[in-house]
Amino acid sequence: MYQKILVALDMSEMAEIVFNHGLSLAKQEDNTLLFLLHVLSGEEENSPLPIPSDLSELYPAVGNDLTLETWREQWTAFEKSGIEMLESHNKIAKDAGIKTEFQQINGVPGSSICKTAHEWQADVIVIGHRGRSGLQEFLLGSVSNYVLHHAACSVLIVQPSR
């Protein structure tokens, strides 16, 4: 059915469920290739926010304690945890006999996922949905909604457990 499966992961609790769906799809066919993708973005819930030009306005209680150097350290730790997450899932997939690749890139999640899937010629994108709706989705956006409407391939949206 699907020979090239792109699994879009973030570092939320939902990522484990999304990964397991992608792995399950990959196990259904022989010679399936799994591509694990994490897009580094300030939009991700646990990422360090983009550094503002005047830190004292954003963090008045902290003042000048939050410096560009501190932010860089936080961002480096965020990048490292993303790679560790991808490596962990990569090992699980390989141990299950699935050919797997992984990549971490910087960018806007929705468009980066669609672009990568197109360039890699994915048959399907497996992505999670956090359950945002209404005003929260309007203000924060929905990566899964963007991917659903802009991807050049099929999209499997994994819903959160209720």
Side-chain angles (χ1 to χ4, degrees), residues 1-50 72-134 136-162:
M1 184 181 221
Y2 299 118
Q3 294 300 303
K4 296 179 89 176
I5 302 168
L6 186 144
V7 180
L9 299 168
D10 60 13
M11 290 188 283
S12 70
E13 293 175 15
M14 186 72 189
E16 192 69 26
I17 298 166
V18 172
F19 170 73
N20 287 331
H21 273 76
L23 186 60
S24 178
L25 273 178
K27 288 178 178 179
Q28 292 178 10
E29 297 286 329
D30 292 333
N31 298 319
T32 301
L33 184 57
L34 201 60
F35 188 95
L36 308 175
L37 177 67
H38 178 238
V39 180
L40 288 168
S41 167
E43 296 172 29
E44 194 165 343
E45 286 181 20
N46 58 348
S47 75
L49 296 172
R72 281 188 181 140
E73 289 170 3
Q74 292 172 351
W75 187 262
T76 299
F78 178 62
E79 288 176 319
K80 182 179 177 196
S81 61
I83 290 293
E84 289 170 352
M85 178 264 304
L86 289 170
E87 288 173 338
S88 171
H89 290 315
N90 181 56
K91 182 180 180 336
I92 292 167
K94 287 196 180 233
D95 288 349
I98 305 299
K99 294 180 219 162
T100 311
E101 300 174 14
F102 67 90
Q103 184 177 22
Q104 179 168 265
I105 59 174
N106 289 304
V108 176
S111 59
S112 297
I113 292 166
C114 289
K115 180 181 179 197
T116 302
H118 178 73
E119 290 172 352
W120 190 64
Q121 299 178 339
D123 297 319
V124 65
I125 299 169
V126 181
I127 189 168
H129 177 66
R130 291 194 189 142
R132 289 184 182 146
S133 62
Q136 189 179 32
E137 183 175 3
F138 177 74
L139 293 173
L140 299 173
S142 169
V143 175
S144 58
N145 187 44
Y146 180 93
V147 171
L148 178 64
H149 289 93
H150 293 90
C153 63
S154 297
V155 178
L156 172 63
I157 298 177
V158 180
Q159 299 293 331
S161 301
R162 299 197 190 258

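Numbering of residues begins at 1 and proceeds along the displayed sequence.
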Student: Going by the side chain to side chain contact (heavy atoms under 4.5 Å, CB included) test, name the single residue among V158, I127, L156 that passes it with S144.
Tutor: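 Exactly one candidate clears the test, I127.
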
Student: Kindly indicate whether the side chain of V7, heavy atoms from C-beta on, has any atom under 4.5 Å from the side chain of H21.
Tutor: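 Not touching, per the 4.5 Å side-chain cut-off.
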
Student: Is there a side-chain contact between Y146 and P109, using heavy atoms and a 4.5 Å cut-off?
Tutor: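 With C-beta onward as the side chain, the pair stays apart.
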
Student: Output all residues satisfying side chain to side chain donor-acceptor pair (under 3.5 Å) with E101, sequence neighbours left out; order by chain, then residue number.
Tutor: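 By the side chain to side chain donor-acceptor pair (under 3.5 Å) rule, E101 matches no residue at all.
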
Student: How about E13: does its CD atom have over 12 heavy atoms from other parts shown lying under 6.0 Å from it?
Tutor: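 No - once you tally the heavy atoms of other residues, nucleotides and ligands closer than 6.0 Å, there are 12 at most.
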
Student: Heavy-atom count around N106 CG within 6.0 Å, excluding the residue itself: above 12?
Tutor: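 Yes, enclosed.
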
Student: Taking only residues two or more places apart in sequence or in another chain, which ones pass side chain to side chain donor-acceptor pair (under 3.5 Å) with H149?
Tutor: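 N145.
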
Student: Are I92 and F19 close enough, and set up right, to give a side chain to side chain contact (heavy atoms under 4.5 Å, CB included), and what steps lead you there?
Tutor: CA-CA 10 Å; I92 292 167; F19 170 73; 3.8 Å; yes

Student: Hey, does the side chain of D123 reach the backbone of I5 with a donor-acceptor pair shorter than 3.5 angstrom?
Tutor: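 No; zero donor-acceptor contacts below 3.5 Å.
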
Student: Run K4 and L6 through side chain to side chain contact (heavy atoms under 4.5 Å, CB included) and show every step you take.
Tutor: CA-CA 7 Å; K4 296 179 89 176; L6 186 144; over 6 Å; no

Student: When you compare the side chain of C114 with that of V147, does any pair of heavy atoms fall below 4.5 Å?
Tutor: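 V147 reaches C114 side chain to side chain.
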
Student: How many angstroms lie between atom CD of Q121 and atom CD of E119, to the nearest 0.5 angstrom?
Tutor: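 The CD atom of E119 is 10.0 Å from CD of Q121, to the nearest 0.5 Å.
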
Student: Show the atom names and distances, to 0.1 Å, of all donor-acceptor pairs under 3.5 Å that link a side chain in residues 81-90 to residues at least two apart or in another chain.
Tutor:
from, atom 1, to, atom 2, distance (Å)
S81, OG, A77, O, 3.3
S81, OG, F78, O, 2.9

Student: Got a sec, which residues hit side chain to side chain donor-acceptor pair (under 3.5 Å) with K115, two or more places apart in sequence or on another chain?
Tutor: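 With sequence neighbours excluded, K115 shows a side chain to side chain donor-acceptor pair (under 3.5 Å) to no residue whatsoever.
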
Student: According to the ring pair (Phe, Tyr, Trp, His ring centres under 6.0 Å) rule, which pairs have a member within residues 22-42, sequence neighbours left out?
Tutor: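 Listed once each, the pairs are F35-W120.
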
Student: Could you tell me which residues satisfy side chain to side chain donor-acceptor pair (under 3.5 Å) with S12, sequence neighbours excluded, listed by chain and number?
Tutor: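 With sequence neighbours excluded, S12 shows a side chain to side chain donor-acceptor pair (under 3.5 Å) to D10, given in chain and number order.
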
Student: Does the pair S47 and L40 meet the rule for a side chain to side chain contact (heavy atoms under 4.5 Å, CB included), with working shown?
Tutor: CA-CA 8 Å; S47 75; L40 288 168; over 6 Å; no

Student: Looking at S112, is its backbone amide N or carbonyl O close enough to the side chain of T116 to form a donor-acceptor pair, meaning the two atoms are under 3.5 Å apart?
Tutor: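 The answer is yes, because a donor-acceptor pair under 3.5 Å joins these two groups.
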
